There are 2 protein chains.
Amino acid sequence: MQQPTIADVARAAGVSVATVSRALRGLDKVHPETRERVVQAAAQLDYIASPTASGLASGRSRLIGIITPFMARWFFTGIMSAIEKTLREHQHHILLMDLERSETSMSRLSLTQGMLFKRVDGLIVINVELQDAERDLVRRLGLPVVAVGSPFEDSPCVGIDDIGSAALAAEHLLALGHRKIAYVGRDYPEAAPRKTPIDRLEGFHQAMSRAGINTPPTWVLDSDWTAGDSRASAMALLSGPDRPTAVLAASDEMALGVWGAARQLGLEVPRDLSIVGIDDHELAPVFGLTTVRQDVAAQGVAAASTLLALLGLYDPSAIPDQTFPVELVIRGSTTAPAKP
Amino acid sequence: MQQPTIADVARAAGVSVATVSRALRGLDKVHPETRERVVQAAAQLDYIASPTASGLASGRSRLIGIITPFMARWFFTGIMSAIEKTLREHQHHILLMDLERSETSMSRLSLTQGMLFKRVDGLIVINVELQDAERDLVRRLGLPVVAVGSPFEDSPCVGIDDIGSAALAAEHLLALGHRKIAYVGRDYPEAAPRKTPIDRLEGFHQAMSRAGINTPPTWVLDSDWTAGDSRASAMALLSGPDRPTAVLAASDEMALGVWGAARQLGLEVPRDLSIVGIDDHELAPVFGLTTVRQDVAAQGVAAASTLLALLGLYDPSAIPDQTFPVELVIRGSTTAPAKP
DNA sequence: CTGTTAGCGCCTTCAA
DNA sequence: TTGAAGGCGCTAACAG
């Protein structure tokens, strides 16, 4: 059977197509009784407006592009899920654009006009710094943008205080009496600059210098933010002669990587090494990892709501805060350093 | 500046809009010289066909719906990333539909006509069993479907041999000499039935009964397949008087949950407890978890290619196999049981 | 409050 | 091989 069109509904309800369109979209200037009749008819016919047709006529696709450098990360999947649910409540859908390039993890794909033009109504940019050409493109297309983690021009940006988070973690270790603290999570020099890695390292440095401690450069480890890579870096660090008594990892995934290295070297956590992460990954409580918790779902809801507001579909006064609090969660992976 | 339309290109190339349309879509029956002229003109104008307009006219949205019960799982993000890249190479995009309902993890949202009608050209259904109403809807809409993990009617289905994978893991433990083996990963009775959990449990049972071993029902643990939940179940199991010497978890995430429980109880892996998982999660090598590896990216490519073939956009003879091999990866988390 | 009437930008017969 | 013209189904003025 053929799907019904707006004309079928109009006929069934005894009104014009324009009235059907207004009634179904909840516009005012429709008599309640008329609206009721239209809604009934539409329901009975199982009518749904064609998204392509209304998209062409209205110029809105009801699609939001999500830009991310790679999707297989804890932070991304969590925020994505929240964004998707929030947008769907407002009849919007998500177009995923994973900029990861499989061959070389350092470079990434570019946004193209073909991906965006007339295809999405807005963009949520997660943890990527857009290149010049991409910025121009987005500006030329006039797309509203909400940034997450890394700011985009003067678009609204949701995230946490990365500097403060890392400082909080460092201060926890310092308070326990650690002085020999290493850091894992500086981006590789070849990688595109991202605000989160930069800020967290900065927070670490700030806390350390406030405590009057000078961290040797060899104790700041580069990582691509995967568990496997940080494990490799940590292996080198921990098997050396002069070991730190504690490691601050810029993410829980990296923290677990360090933990794996310690384990392989026969070091026991926290007896021989304290480890603290940032995020509160689902495996953090499982292994008793001390961490700085952030609420990813809340950030997703905020990002989505803000974008809807930019599109004029959401009450701007109801937009939640853009900077989210974090919280130190002390579990078993940190303790005072052994007395020498 | 206004974006150029097909008419602008036609004017610039000195041909009709129909010819531009044909030339740009690579249809035959266009003189190579003409095509060249059109392509030049389009490039110079930075012309991109409006997806909504061509969608309305052609009836194809170039959008593929991805249905999943929840997206924050290792398997899902991995396959998703591969699907997205494969589809994008063919100018198709992904519409994510996460059926997870936050309040109660047991029930899930339903697919609705509003989500699908005229919005997607096809569906990739990942690890969900569709309900009757949803099946009817999909059939009525005439959407081609590719299933992953759990079959959908007689649509193509990609996946691994779940029975064989679990049996492989069990046989590894049996070969090491274990007799007291517990299993984690049976779905909760309230959950919608899913093929993967059922088959893996079946594989475990088959291997055990082939070895002539009778597993007590209390050694088969229910789990929602998260690390946290399986850790809780494992805590109860491992703190009891009669402990198994080994645990087979139906996924690596659950295996790590069991590991966390063991750790908390002061049991050492593998000395006091052998643990084997299935998947080869990114943390498996980090912790030295023995597991049965599956190639998730390959499955994603296969699912996407198969769907493109169903849409007539891909050479059917180039479709990869649908059942993927698995491989036992022995690391340090399994060893022979301690002699009593 | 409701109906009429142009488009929105492209695809696709049908003729030439 | 190319062009002309009629939709695709809906929205948005503009009238009434």
Side-chain angles (χ1 to χ4, degrees), chain A residues 1-39 41-42 45-63 91 113-114 117-119 121 141 311-313, chain B residues 2-39 41-42 45-63 91 113-114 117-119 121 141 312-313:
Chain A
M1 188 199 85
Q2 188 65 24
Q3 294 289 338
T5 75
I6 198 172
D8 299 318
V9 180
R11 208 170 305 121
V15 295
S16 73
V17 292
T19 300
V20 173
S21 177
R22 294 183 192 113
L24 258 27
R25 283 182 299 153
L27 300 188
D28 32 357
K29 303 180 184 175
V30 177
H31 193 91
E33 214 168 71
T34 312
R35 183 193 305 278
E36 181 56 26
R37 210 151 19 101
V38 171
V39 169
L45 292 174
D46 235 12
Y47 168 78
I48 296 275
S50 154
T52 40
S54 63
L56 177 58
S58 71
R60 326 201 80 171
S61 64
R62 297 181 153 281
L63 256 33
Q91 286 74 250
Q113 170 159 320
F117 172 57
K118 289 274 188 179
R119 186 156 266 153
D121 294 345
L141 296 177
L311 293 170
L313 301 170
Chain B
Q2 188 64 25
Q3 294 289 335
T5 74
I6 197 172
D8 298 318
V9 180
R11 209 170 305 123
V15 295
S16 71
V17 294
T19 300
V20 174
S21 177
R22 293 183 191 112
L24 258 26
R25 282 181 300 150
L27 300 190
D28 33 357
K29 303 180 184 175
V30 177
H31 193 91
E33 216 168 69
T34 311
R35 182 193 307 276
E36 181 56 25
R37 209 149 22 96
V38 171
V39 169
L45 293 175
D46 235 12
Y47 168 77
I48 296 273
S50 154
T52 40
S54 62
L56 177 58
S58 70
R60 326 201 81 169
S61 64
R62 296 182 152 282
L63 256 31
Q91 287 73 250
Q113 171 159 320
F117 172 57
K118 289 274 188 179
R119 185 156 267 152
D121 293 347
L141 260 27
L313 302 170

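Naming: A, B, ... by sequence-line order, numbering from 1 per chain. If you're wondering where the values come from, they're calculated on a predicted model, not measured in any experiment.
Note: CG (B/L56) to P (D/dG6) measures 17 Å, nearest angstrom.
With a cutoff of under 4.0 Å to any heavy atom of chain B, the contacted region of DNA chain C is bounded 5' to 3' by C/dG9 to C/dT13.
Partners of A/L24 according to the side-chain contact (heavy atoms from CB on, under 4.5 Å) rule, which considers only residues two or more places apart in sequence or in another chain, are A/V20, A/V38, A/V39, A/A42, A/Y47. Under the side-chain contact (heavy atoms from CB on, under 4.5 Å) criterion, A/V30 pairs with A/R22, A/A23, A/T34, A/R35, sequence neighbours left out. Not a single side-chain hydrogen bond (donor to acceptor under 3.5 Å, both in side chains) links B/Q91 to another residue, sequence neighbours left out. Not counting sequence neighbours, B/R25 has no partner by the salt bridge (charged side-chain N to carboxylate O under 4.0 Å, His left out) test. Listed by chain and residue number, nothing satisfies the salt bridge (charged side-chain N to carboxylate O under 4.0 Å, His left out) test with A/D121 (two or more places apart in sequence, or in another chain). With sequence neighbours excluded, no residue satisfies side-chain hydrogen bond (donor to acceptor under 3.5 Å, both in side chains) with B/R60. Here B/S16 pairs with B/A18, B/T19 under the side-chain contact (heavy atoms from CB on, under 4.5 Å) rule; sequence neighbours left out. Every residue two or more places apart in sequence or in another chain that forms a side-chain contact (heavy atoms from CB on, under 4.5 Å) with A/E36 is listed here: A/Q40.
Scanning residues 11-21 of chain A for heavy-atom distances under 4.0 Å to DNA chain D yields A/A18, A/S21.
Side-chain contact check for B/H31 versus B/R37: every heavy-atom pair is 4.5 Å or farther apart.
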Is there any protein nitrogen or oxygen under 3.5 Å from a nitrogen or oxygen in nucleotides 14-16 of chain D, and what are the pairs?
none

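Both A/T52 and A/R25 lie close to DNA chain D; mapped to their nearest nucleotides by heavy-atom distance, the more 5′-ward contact belongs to A/T52.
Remark on the helix from C/dC1-D/dG16 to C/dA16-D/dT1: inter-end axis angle 30°, axes from five-pair C1' superpositions, rounded to 10°.
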